[in-house]
Protein chains: 2
Amino acid sequence: MLTKSSTELVRQQNSALVLASLRRHGPLAHTDISQHTGLASATVSAITAELEKADVLERREQQASASRGRPRVIFGQRRGAGYLVTVRISSDIVQYSLADYAGTLIDRFEEARNHADTSTRPFAEAFVAALEKLVSRSRIERGQVLVVSISSKGLVDPALARLVWSPVFGAQQVDFAALLEPHWRAKILLSNETLLVAHAMALRMEKAGVKNLQAVAALSLGHSIGLGIARFDRSGELSVTAPNFGHMLNSSDGKLCRCGSQGCIEASAGFYGILRTAFEVPPDTIPAKFVPLAEMDKIALRARQGHRMSEYAFRQAGLALGQGLSRMVSLYENMPIAITGPGTRYFDLIQRGLEEGLAQSQQVRLLGAPPISVVPEEATLVLEGHFARALAEMDHDIIAARTDGD
Amino acid sequence: MLTKSSTELVRQQNSALVLASLRRHGPLAHTDISQHTGLASATVSAITAELEKADVLERREQQASASRGRPRVIFGQRRGAGYLVTVRISSDIVQYSLADYAGTLIDRFEEARNHADTSTRPFAEAFVAALEKLVSRSRIERGQVLVVSISSKGLVDPALARLVWSPVFGAQQVDFAALLEPHWRAKILLSNETLLVAHAMALRMEKAGVKNLQAVAALSLGHSIGLGIARFDRSGELSVTAPNFGHMLNSSDGKLCRCGSQGCIEASAGFYGILRTAFEVPPDTIPAKFVPLAEMDKIALRARQGHRMSEYAFRQAGLALGQGLSRMVSLYENMPIAITGPGTRYFDLIQRGLEEGLAQSQQVRLLGAPPISVVPEEATLVLEGHFARALAEMDHDIIAARTDGD
DNA sequence: ATTTATTTTCTCGACTGTCGAGAAAAAAGT
DNA sequence: ACTTTTTTCTCGACAGTCGAGAAAATAAAT
């Protein structure tokens, strides 16, 4: 159902527009805001005045005025207007970060994960304690943290902030909302890691001035395989999803996946899948859950030296990925694909198979293969996505609160 | 990029809301409009008055007033405010319809297709002539036709109104916009047929009061395989797409598809694919382009009587469909699936394989199989979709024109 | 030191829109 | 004829955007 509009909503939308343009371009003067948003100067005045009174924006010192004329007043997000916490859960570590409303990092630390421990209880306790440590170390009230943004690989229920299935905990669900509910007023965002990568890539490409950008996909290669899709919807907003790509059915080849199904993409293209093929382990057995990168490097070295089975394993991985991506573009549309993750270091070995797999579908033959780029620093992208999403969420919440607040 | 908002846009949105609620519920009185839209009574007055003056709405005779009190004034779309033409291109016939702005059918006829003729030229000429016939027979000016909505199976470029790939013309593209450009001012909409089915199903389910409806998929079974996905986006608007599902890669089994690729879903589940398997024709040959329904009925009969290879052919078709659908829900989300088309009459033979294919993916095992319903009358759904989309388009255009028109 | 030019921000009135309340209209019941 | 009931219509208050021009604040020129 469509919803009704009103003059108040107009203000809300335009306020959001102002905040968004400050996010995109950094602190700006009145004139620039007007230009970037298309709003009339008078409107910008009204909005900035209101946001300034609400302690959301603050005036920044302008740099030595190069030109003559009345000096510009630079507006920027007020640092103390709120804080955000990001939690990046990866296979071996958990990284906690604290940042302010302007997006500047305040504190960050990592904690090692205990692989042997597959139950969620100790993890949950460590998680709550780490958050406590984060705020107390920086002398921030829990109440000032407006958003906690958590990311993990696996299948996520974003609405309920519940981890449905993850490589680490399997089907043991983790309910983050319930964990923080009692003591934290912050909004909990739980995102698939590769979703954040896709989000960050979309923003990067938009900033780089890519024309007619409709959608971007991110593919993460590692122990597990992740896919994120970011699409600009009709209203120009970015809507991102993390499909269950790694465990999408690839082929009825009987390769057992650690999820319990057979023939998942990950069973061919995840690290353990590559290792299994390279060592000719029977496809119905699952090798060690976590394959050390050094081990993968060894296989890659052999493959590059011409060892047949190792080469074959990587090519099969590429094939599974290419076929999966061909299905993705068949079901969505052609879009640029960014490949990240530790697996990118084997891209030379994967590429041929990947292209072969892509070329097998009509969509690709008709409209050409999607442009593929390799962006190794996954962690950076994940953090970029965390910040972008959390700050946008804060902006929206603050604006929404303003209206019905007083 | 977000776009700025203004008071005029508010009026536009709310006018659209009023027109949409009239579409959904039929002619309504002031009070009902206010209730359905959530707009204040005064606002409804302002909007209806404006639309009435613009000859978009008209007052209808109210039925014998059952209750006392001031009699209601019923508003409805004015029939003559514009006309729409729908063209349904199927494998054997082309159906042309003419309807008015209120959505009532004025004229309809069908023309047989010549199968032997695979060039687009004669088709294009017949198409233009049929449209001419449609308006002249009903004494309507070409200029009064505001939308021509065309549907076909195959791959479509909705933005350019160009048929990119179709079962009939293959890669020979048909540019409908160019065909009508010189003489028609109407907006040309070109949609994949199953996209319209998905749209219609979404509206039906919404009307039936299904709760938490996020998305609906329609799967059309016949000579070719089509899929439409309708999703309600954040703003509550319905956005529908027609992925290239029939030619999505299913399996590297070498089955040649008529599109030239190998292993397409259609190569297993299209009528010719089923026939090929049933008759044990080598998978690298393509049987007759159009398999008569009578022929398929015969195979189905044999299958139901226990003939192994026929049974197997249908089960393989189901398997390919089920695996494809499992990929669809992996890449999108779980959603109700409506199956239509002539192939539904063999659903009993397909079902087992379909369920088997679906169950092979983690997504389905984790979140359950999507609810599947069978809705045989495909043509009805296509027309429903045509009308819904064309009328919505007209509503939007009329409202948009109002603002910058005077 | 004062004036002028320039650039930016701020302010005012006109306009468009929504909303709530209550007046006006129009029919049925008494 | 009067009352009741239901619905539509109208009015004034309020919220928002916009264009134009006033005001502010600085550098350059005199």
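This one's a predicted model, so the numbers in the text were calculated from it and none came from an experiment. Reckoned from all heavy atoms, side chains included, excluding hydrogens, waters and symmetry mates. Proteins come first, then strands; the chains are lettered A, B, ... in the order of their sequence lines, and each starts at number 1.
Judged purely by distance below 3.5 Å, without hydrogens or angles, the side chains of A:H30 and A:T48 never pair a donor atom with an acceptor atom.
Geometric assessment of B:R23 against the ring of B:Y101 yields a positive cation-pi assignment under the 6.0 Å and 45° thresholds.
Contact annotation for B:A49: no contact, since no heavy-atom pair falls under 4.0 Å across all strands.
For the pair B:L39 CG and C:dG17 P, the interatomic distance rounds to 14 Å; values are reported in whole Å. Look at CD on A:Q12: it is 10 Å from P on D:dG16, rounded to the nearest Å. With rounding to whole Å, B:I47 atom CD1 is found 9 Å from C:dG17 atom C1'. In this structure, CZ of A:F75 is placed 11 Å from C1' of C:dC10, rounded to the nearest angstrom. With rounding to whole Å, B:K4 atom NZ is found 10 Å from D:dT17 atom P. Taking atom NE2 of residue B:H30 and atom C1' of nucleotide C:dA25, one finds them 13 Å apart after rounding to whole Å. Put simply, CD on B:Q35 is 14 Å from P on D:dT6, counting in whole angstrom units. Atom CZ in B:R70 sits about 11 Å away from atom P in D:dT7, given to the nearest Å.
A donor-acceptor contact under 3.5 Å is not formed by the side chain of B:S6 with the base of D:dC18. No donor-acceptor contact under 3.5 Å links the side chain of A:S41 to the base of D:dC18.
For B:P71, taking side-chain heavy atoms from C-beta onward, the closest of the listed nucleotides C:dA27, D:dT26, D:dA25 is C:dA27. Side chain of B:A40, nearest nucleotide from C:dC19, D:dT8, D:dA23: C:dC19. Closest to the A:E8 side chain, of the nucleotides C:dT9, D:dA15, D:dT8, is D:dA15. For B:A42, the listed nucleotide lying nearest its side chain is C:dG20; candidates were D:dC9, C:dG20, D:dA15. Candidate nucleotides D:dT8, C:dG17, C:dC10 were compared by shortest atom distance to the side chain of B:T7, and C:dG17 ranks first. Across D:dT17, C:dT18, C:dT8, the shortest atom-to-atom separation from the side chain of B:T43 is found for C:dT18. Among the nucleotides D:dC9, C:dG17, C:dT9, the one closest to the side chain of B:S45 is D:dC9. Side-chain atoms of A:R59 lie closest to C:dC10 of the nucleotides D:dA20, C:dT8, C:dC10.
Between A:E50 and A:R11 there is a salt bridge, since at least one side-chain N of the basic residue sits less than 4.0 Å from a carboxylate O of the acidic one. Using a 4.0 Å cut-off between charged nitrogen and carboxylate oxygen, A:R78 and A:D100 do not count as a salt-bridge pair. Comment: A:E58 does not engage A:R79 in a salt bridge, judged by the lack of any side-chain N to carboxylate O separation of less than 4.0 angstrom.
Distances shown here put a side-chain N or O of B:T31 below 4.0 Å from the OP1 or OP2 atom of D:dT8. Regarding contacts with the backbone of C:dT7, every side-chain N or O of A:R68 stays at 4.0 angstrom or more from both OP1 and OP2. A close approach under 4.0 Å does not occur between any side-chain nitrogen or oxygen of A:N14 and OP1 or OP2 of D:dG16. Phosphate proximity of D:dT17 to A:R11: present, with a side-chain N or O under 4.0 Å from OP1 or OP2.
Counting heavy atoms from C-beta on, the side chains of A:K211 and A:L213 never come closer than 4.5 Å.
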